[in-house]
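When a residue number appears, it is its place in the shown sequence, counting from 1. The figures here come from the full heavy-atom set of this structure, side chains too, leaving out hydrogens, waters and symmetry mates.
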Amino acid sequence: MYENKKTEQNNTTCQKSNRINGLCYEPLGLPTQRVLRLKAQYQKQEENSHVKEIVRHFITPAELLHNSNTKNIPCSCSLHKEKQTDIYKYARNKMIKEQLIARGITDTHVLSAMSIVPRHLFVNEALHNTAYDDRPLPIACGQTISQPYTVALMCQLLMLEKGMKVLEIGTGSGYQTAVLREMGAKVFSVERIPELYNNTKKLLKNQLGYTDLQLFLSDGTLGLERFAPFDRIIVAAGGPTIPQALKEQMDHNAIMLIPVGNEKMRQSLVRVFKINGSYKEENHGATTFVDLVGKQGW
């Protein structure tokens, strides 16, 4: 009788517990690509036998980042390699489905690019766990990285085709720059803040291997006249009006996206078409961006 009662107690305890001592669990329960599965051995609940559960061993982001070899990626194409350990793939896929596709992003080039670019690397390590949330996040120098949906919407509105020449005003964290590059664009990006420019240049070129990007430290409101004209222009900061210099650097049948508003931090997203030398503007709703600072901005 004593042995039977002891066996029943052990079986009950085993059924209730789904954790194993010594394993490290991700606090948010975020599934990762590096998952260690214990062998599932479902046995009949006979005397002196136990039911063993399938348990996933979740490694915390900081732990794996410090122990992996993802810091020196030789080229942008390596982002596609299965050998690269990427614990944020699940979070990116969730972002694509719940934030982008669910809200009307249909451009397959945009979706593909954003499923590849590791957004968490463009923010402070303390924010890695929130990098794929549907919200903007702070970066250095009082600037921000736009929420994923805003980046996707702007890239979709660009109607970008592979090989097009794109001028980006406001490199910022470099996330949108990387997305445009993954979409096949020839990117010319301008940043006005030296600290951001230097840090982002190291990340994009040295760490992620985008060696063909053209990055400049300059007044973005003046564009890059010596490299004009451009097929597409995308501005990641809001100004009181559309800079005339940027209009003049648009090629025939070019498109420009820019937040415009008379009040700081309150703008409308405007899409500008240049057709036969004339300009047509479309309003795509209210938005909020950091200030477009420069000779033809604030």
Side-chain angles (χ1 to χ4, degrees), residues 26-35 56 58-61 64-65 68 70 73 75-125 127-139 144-162 164 166 168 171-185 187 203-204 207-210 213 232 234 236 257 269 271 284-285 287-289:
E26 167 62 38
L28 299 179
L30 180 67
T32 66
Q33 199 171 31
R34 185 178 178 181
V35 174
R56 288 184 175 183
F58 296 135
I59 310 298
T60 61
L64 185 54
L65 282 172
S68 66
T70 59
I73 302 175
C75 64
S76 62
C77 62
S78 65
L79 294 174
H80 301 267
K81 293 182 179 179
E82 295 181 356
K83 293 181 180 180
Q84 181 189 352
T85 303
D86 188 352
I87 64 174
Y88 291 95
K89 185 177 180 179
Y90 171 86
R92 273 199 302 280
N93 288 339
K94 184 178 180 182
M95 174 190 75
I96 295 296
K97 294 177 182 178
E98 298 182 3
Q99 299 177 35
L100 307 186
I101 295 177
R103 297 176 66 183
I105 302 300
T106 58
D107 190 319
T108 56
H109 299 295
V110 175
L111 297 174
S112 177
M114 293 186 68
S115 71
I116 293 171
V117 178
R119 180 178 166 86
H120 60 281
L121 295 183
F122 295 86
V123 297
N124 187 282
E125 186 174 349
L127 299 175
H128 280 182
N129 281 339
T130 60
Y132 298 95
D133 291 352
D134 189 26
R135 56 171 172 159
L137 293 172
I139 57 174
T144 61
I145 178 174
S146 297
Q147 69 187 95
Y149 174 73
T150 300
V151 174
L153 177 63
M154 293 184 74
C155 289
Q156 179 166 280
L157 289 174
L158 272 185
M159 301 170 65
L160 185 64
E161 296 179 13
K162 187 175 181 179
M164 281 187 169
V166 178
E168 180 190 35
T171 311
S173 69
Y175 176 67
Q176 185 171 257
T177 315
V179 171
L180 292 169
R181 172 61 185 80
E182 286 294 340
M183 290 176 66
V187 185
L203 172 63
L204 290 172
Q207 186 170 345
L208 295 178
Y210 293 110
L213 292 173
R232 299 289 187 267
I234 184 168
L257 275 173
L269 184 58
R271 179 163 65 173
H284 286 269
T287 187
T288 302
F289 277 81

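- In terms of the side-chain contact (heavy atoms from CB on, under 4.5 Å) criterion, residue partners of Thr288 (sequence neighbours excluded) are, by chain and number, Met265.
- Side-chain atoms of Tyr132 and Arg119 form no donor-acceptor pair, as typed in the model, at a separation below 3.5 Å.
- In this view, Gln147 and Arg103, Asp134, Pro136, Tyr149, Thr150 satisfy the side-chain contact (heavy atoms from CB on, under 4.5 Å) rule, not counting sequence neighbours.
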(request) Give the intermediate values and the outcome of side chain to side chain contact (heavy atoms under 4.5 Å, CB included) for residues Met159 and Arg232. (result) CA-CA 9 Å; Met159 301 170 65; Arg232 299 289 187 267; 4.3 Å; yes
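- Qualifying side chain to side chain donor-acceptor pair (under 3.5 Å) partners for Thr171, counting only residues two or more places apart in sequence or in other chains: Ser189.
- Sorted by first and then second residue, the salt bridge (Lys or Arg N to Asp or Glu O under 4.0 Å) pairs involving residues 105-114 (not counting sequence neighbours) form an empty list.
- Annotation: side chain to side chain donor-acceptor pair (under 3.5 Å) contacts of Gln176 (sequence neighbours excluded): Glu168.
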(request) List the steps, then state whether side chain to side chain contact (heavy atoms under 4.5 Å, CB included) holds for Leu160 with Cys155. (result) CA-CA 7 Å; Leu160 185 64; Cys155 289; over 6 Å; no
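- Judged purely by atom type and a 3.5 angstrom limit, Thr130 uses its side chain to pair as donor or acceptor with the backbone of Leu127.
- Remark: Phe289 engages no residue in a ring pair (Phe, Tyr, Trp, His ring centres under 6.0 Å) (not counting sequence neighbours).
- Here the CG-NE2 distance, from Leu153 to His284, works out to 8.0 Å after rounding to the nearest 0.5 Å.
- When the side-chain contact (heavy atoms from CB on, under 4.5 Å) test is applied to Asn93, the partners found at least two apart in sequence or on another chain are Lys89.
- Taking both residues in full, the closest heavy atoms of Tyr210 and Ala178 are given as CE1-CB, 3.9 Å, listed atom of the first, atom of the second, then distance.
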